[in-house]
Number of protein chains: 2
Amino acid sequence: MALEHALLVSLSERPASGLDLTRRFDRSIGFFWSATHQQIYRVLARMETDGWVRSEVVAQTGRPDKKVYAVAPAGAEELARWLAEPAPAESFRSEVAVRLRGASYGDRRAVLAQVEALLADHRTRLGHYEHLAERDFPEPDRLSGHDLDVYLVLRGGIRLEQFWVGWLTEYRDTHARAHEGAPA
Amino acid sequence: MALEHALLVSLSERPASGLDLTRRFDRSIGFFWSATHQQIYRVLARMETDGWVRSEVVAQTGRPDKKVYAVAPAGAEELARWLAEPAPAESFRSEVAVRLRGASYGDRRAVLAQVEALLADHRTRLGHYEHLAERDFPEPDRLSGHDLDVYLVLRGGIRLEQFWVGWLTEYRDTHARAHEGAPA
DNA sequence: ACCACCTGTGCAACTCGTTGCATAGGGTGC
DNA sequence: GCACCCTATGCAACGAGTTGCACAGGTGGT
């Protein structure tokens with residue numbers, strides 16, 4: 001399981017409350033991981049009883065108090081242990097791929113409309129990530145250590161969006177060509 | 001939920017038993033979906049009580065009997081309905097990405113060794129998929145309908161492996177360059 | 001005869017993750 | 001003063017997915 005470890009990485013970068021972490025997961029780390037606030041709260045509570053993190057209630061002006069979590073020594077040890085552990089092979093799950101493969105058992109035009117919508121979505125996201133890279137990392141050659149890791153994960157997000165745009169475009173164009181003069 | 005629909009697609013291509021489906025999911029469809037036999041058996045049972053599939057016990061020589069499932073009319077309807085439904089945005093989850101981002105909180109050399117192992121693995125898989133494409137689809141321009149869909153999903157598998165090889169190579173090479181003369 | 005192994009189906013218990021709801025303090029609009 | 005929204009934390013119930021085990025029939029080795 002990796003949510004614990006994703007939280008440890010994020011808290012190592014900077015202490016945060018449950019909701020802060022939820023918002024972070026909607027952004028940078030969120031390229032490759034996501035979690036709802038409920039799940040994050042539950043896992044944080046478990047991590048605290050396990051001694052991986054420590055919390056401190058912080059009063060705010062004009063807002064409810066928040067519980068700010070920070071990595072405890074046992075959590076740092078666990079993170080280091082996990083990082084050294086061999087990475088198991090990942091299985092990618094895509095509902096879209098199932099739809100593309102099954103398109104001939106339903107309304108192909110409806111599936112192609114979905115492809116078009118997804119393409120627009122992934123193109124937007126790709127542009128957004130490229131903008132982030134230019135804004136936050138104007139000179140990537142000078143990076144090292146953790147900053148370089150953050151940049152390279154952003155590069156992964158960009159490459160993943162390029163994968164989607166490339167594949168969906170190939171799907172759409174190849175079907176368009178195949179149906180010229182022979183509709184199906 | 002998509003396992004039901006993935007099974008409907010696979011059974012639309014050809015009727016099969018639970019274990020047959022498990023083996024198929026380790027192959028072609030398995031680029032983008034995977035499931036254990038236990039889960040497949042359970043879902044098949046539920047689909048049968050819902051009337052989406054029908055089963056028939058087939059005796060075999062030298063082997064136990066098997067229960068061969070085929071799509072029932074209600075299942076075909078459900079598949080068509082699901083295919084026309086708008087595709088929700090997918091969230092990609094990668095433990096590897098968490099490790100890459102967190103590498104500076106542990107032993108970076110251990111993480112780079114994992115990257116090396118993953119690279120070898122993805123390169124092997126890429127070669128395997130490319131071989132499949134050449135062997136089974138020597139003339140992709142002539143394909144249409146479901147055959148074209150099968151080919152294009154294989155293309156997606158190839159593109160996904162290319163994504164991994166490209167990203168992991170960039171991670172490794174960029175860190176190698178950053179550490180020339182300045183180890184960390 | 002016995003054991004080890006293979007195919008094929010299945011149950012039970014557990015963890016991970018999602019969905020819907022609850023609660024509590026504070027700010028804003030009318 | 002009241003309704004409504006925002007931040008922040010949390011519970012309860014459910015569904016999806018994994019892990020470990022059980023059982024049955026058949027084959028092959030010793």
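These numbers were taken from a predicted model, which means no experiment stands behind them. Values reported hereafter were calculated over all heavy atoms of this structure, with side chains retained and with hydrogens, waters and symmetry mates removed. All chains are named by letter (A, B, ...) in the order of the sequence lines, taking the proteins before the strands, and each is independently numbered beginning at 1.
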In the hydrophobic clustering (ILVMFWY, side-chain contacts below 4.5 Å, transitive), which residues join B/Tyr41, or is it alone?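 So far as hydrophobic clustering goes, B/Tyr41 is joined with B/Leu19.
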Other cluster members, B/Val58 - Ile/Leu/Val/Met/Phe/Trp/Tyr, side-chain contacts below 4.5 Å: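 Result for B/Val58 is B/Val68.
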Interatomic distance, B/Leu3 CG vs C/dT18 P [rounded to whole Å]: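 From B/Leu3 CG to C/dT18 P: 17 Å.
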Rounded distance (Å) that lies between atom C1' of C/dG8 and atom NZ of B/Lys67: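 Between C1' of C/dG8 and NZ of B/Lys67: 11 Å.
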Enumerate all atom pairs, one protein N or O and one N or O from nucleotides 23-26 of chain C, separated by less than 3.5 Å.
none

Who passes side chain to side chain contact (heavy atoms under 4.5 Å, CB included) against [X], sequence neighbours left out?
X        : answer
B/Asp107 : B/Arg109, B/Ala110
B/Glu95  : A/Ala2, A/Trp82, A/Pro88, A/Glu90, B/Arg99
A/Ala16  : A/Leu11, A/Asp20, A/Leu21, A/Arg24

Under the ring pair (Phe, Tyr, Trp, His ring centres under 6.0 Å) test, residues paired with B/Tyr69 that sit two or more places apart: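 Expected list: none.
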Looking at residues at least two apart in the chain, or sitting in another chain, which of them share a ring pair (Phe, Tyr, Trp, His ring centres under 6.0 Å) with B/His146?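 Ring pair (Phe, Tyr, Trp, His ring centres under 6.0 Å) check on B/His146 returns A/Tyr105.
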Comparing A/Ala35 and B/Tyr69 on DNA chain C - which has the more 5′ nearest nucleotide: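 This one resolves to B/Tyr69.
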Using heavy atoms to find the nearest nucleotide of DNA chain C for B/Ser91 and B/Lys66 separately, return the residue whose nucleotide is more 5′.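 That would be B/Lys66.
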First locate atom CZ of A/Arg125, then atom NE2 of A/His128, and finally report the distance between them rounded to the nearest 0.5 Å.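 The CZ atom of A/Arg125 sits 9.5 Å away from the NE2 atom of A/His128.
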Got a sec, which pairs hit ring pair (Phe, Tyr, Trp, His ring centres under 6.0 Å) with one end in residues 106-125 of chain A, sequence neighbours left out?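 Those involving residues 106-125 of chain A are A/His122-A/Trp164.
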Quick one: how far along DNA chain D does chain A reach, first to last nucleotide 5' to 3', anything under 4.0 Å to a heavy atom?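 Terminal contacting nucleotides, 5' to 3': D/dT7 to D/dT18.
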Less than 4.0 Å between a side-chain N and a carboxylate O, is that true for B/Glu56 and B/Lys67?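 Salt bridge: no.
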Give me the residues of residues 38-51 of chain A where at least one heavy atom lies under 4.0 Å from an atom of DNA chain D, by number, or none.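 Nucleic-acid contacts, sorted: A/Gln38, A/Tyr41.
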Please pick, from C/dG10, C/dT18, C/dG17, the nucleotide with the shortest atom-to-atom distance to any side-chain atom of B/His37.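 The closest nucleotide is C/dG10.
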Pairs meeting criterion salt bridge (charged side-chain N to carboxylate O under 4.0 Å, His left out) with involvement of residues 34-50 of chain B, two or more places apart: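 Non-adjacent pairs meeting salt bridge (charged side-chain N to carboxylate O under 4.0 Å, His left out): B/Glu4-B/Arg46.
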